[in-house]
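One structure is given here, and the rest of the page talks about it.
For ligands, and for the atoms within them, numbers begin at 1 and follow the listed sequence. What you see below is based on every heavy atom in this structure, not just the backbone, and it leaves out hydrogens, waters and symmetry mates.
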Amino acid sequence: MSSLRVKPAKAFDQQIDTIAPDKSISHRCAIFSLLSDKPSTVRNYLDAEDTRNTLEIVKKLGAVVEEEADFMKITPPASLSEPAEILDCGNSGTAIRLFMGFLASRPGFYVLFGDKYLASRPMRRVADPLRRIGADIDGRENGNLAPISVRGAEALKGYVYESPIASAQVKSAMILAALNATEPSLYREPHLSRDHSERMLRGMGAQIKERDGAIEIHPVTAPLEPLDITVPADPSSGFFFAVAAAIVPGSRVVLKNLSLNDTRIEAYKVLQKMGAKIEFVLHEEKYEPIGDIVVAYAPLHGVTVHENIAWLIDELPALSIAMALAEGKSVVQNAKELRVKESDRISSVVENLRLCGVEVEEFEDGYAITGGKMHAATIDSHGDHRVAMSFAVAGLVCGMAIEDTDCIMTSFPNFTALLSKLSEVQYGD
Ligand code: S3P
């Protein structure tokens, strides 16, 4: 199990064009390519553990993946193979939940499983609505915990479903099921969650329409068009370096070619509200708006975050570092979903901030941080990539030792290489 030590940094001015490609979009590229009968072309696919696992699953289902120097060709099988092996989703909630929705209406028997962290995350949020439309899904605790078995049906029933949570994983699983249903479906969520699935599937020719604040999904009658896509850089990976520039006095960073999708850049807007100087520069729009984000240091002040939570849920651990170093009190509320991420992120953020001498109050759905200063400590990542990277960034101000950092490989393999351009980073076992 590896560890990292990060030393305080001097002011920096960097342009970064190698932020990891978007994880959400990469997973979808691999899975959605199975909906066409022609090869999809994917440039800049995320080469990290989570998305590699998804690609391996797609291969086990019969796709042929050819990796060239600067693109990947994914040729779907004429019909899916029924794999003789279990399908390993590793650490990825996105992979397991999207595959549940996809495989539920593909005749065959499939077993999805993952690492010890994934094995404790809730799956009934997907299993239950799928079962209601005829899916045959099971797992430990009545289908809630992996391993998950799926006996794929010929087709599922259409549905009207009001999701109790704004979750793109649940929405995407239900959209994938609806594409193979016997009649149109209507999916409604309490707030818009990230909408990559809708954008990409529409781009492939699927009939997915807005209707009274819900989405109407029409079953596909023929294979979809293939994807021809360049995956933008991941705004949630870029955000670690946005926070870095916002907390190291005199610093500035230009993050190149990120998705500027509104459902993904809310944390940058909160950082801007806290006082950081931030500019968004749109360059192009294909499937997604894509451009650069420029972040420059300015003294930060506390902020309250209680809305649009689904749009910044992944960035809250990194935002908590900015909050701990800002003047005054910051509050995060309505973020109970943090408790079912790669770790219980409310408890792992609160515990580690306290180790750094920060005054933090814990709520069931968030926390309150009294900011101003933090000191070096030895951090336990709890096997959670975003917790590990957030506290590594805090090390740029006060020094930090982080234990259990292998998890960084799930989403951002070149994170430490980029961090070591800003300061001295030592690796340990
Ligand atoms: C994701 C959706 C979000 C997010 C996760 C990726 C996706 O999860 O936290 O990192 O790619 O659909 P939920 O759908 O559970 O909110």
Compute whether any side-chain donor of one residue and acceptor of the other, for D88 and N53, lie under 3.5 angstrom apart. no

Compute whether any side-chain donor of one residue and acceptor of the other, for T230 and R43, lie under 3.5 angstrom apart.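 Result is yes, a qualifying pair exists.
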
Using a 4.5 Å cut-off on heavy atoms from C-beta on, say whether the side chain of L87 contacts that of P83. yes

Can you measure from CG (L118) to CG (N91) and round to the nearest 0.5 angstrom? 7.0 Å

Positive for side chain to side chain contact (heavy atoms under 4.5 Å, CB included) with L34, one of I74, L176, L61, L224: L61

If you count only heavy atoms, which residues are under 4.0 Å from ligand 1? S24, R28, T94, S167, A168, Q169, R194, I313, D314, K341

Would you say the rings of F241 and F415 are close, in the sense that their centroids are separated by under 6.0 Å? yes

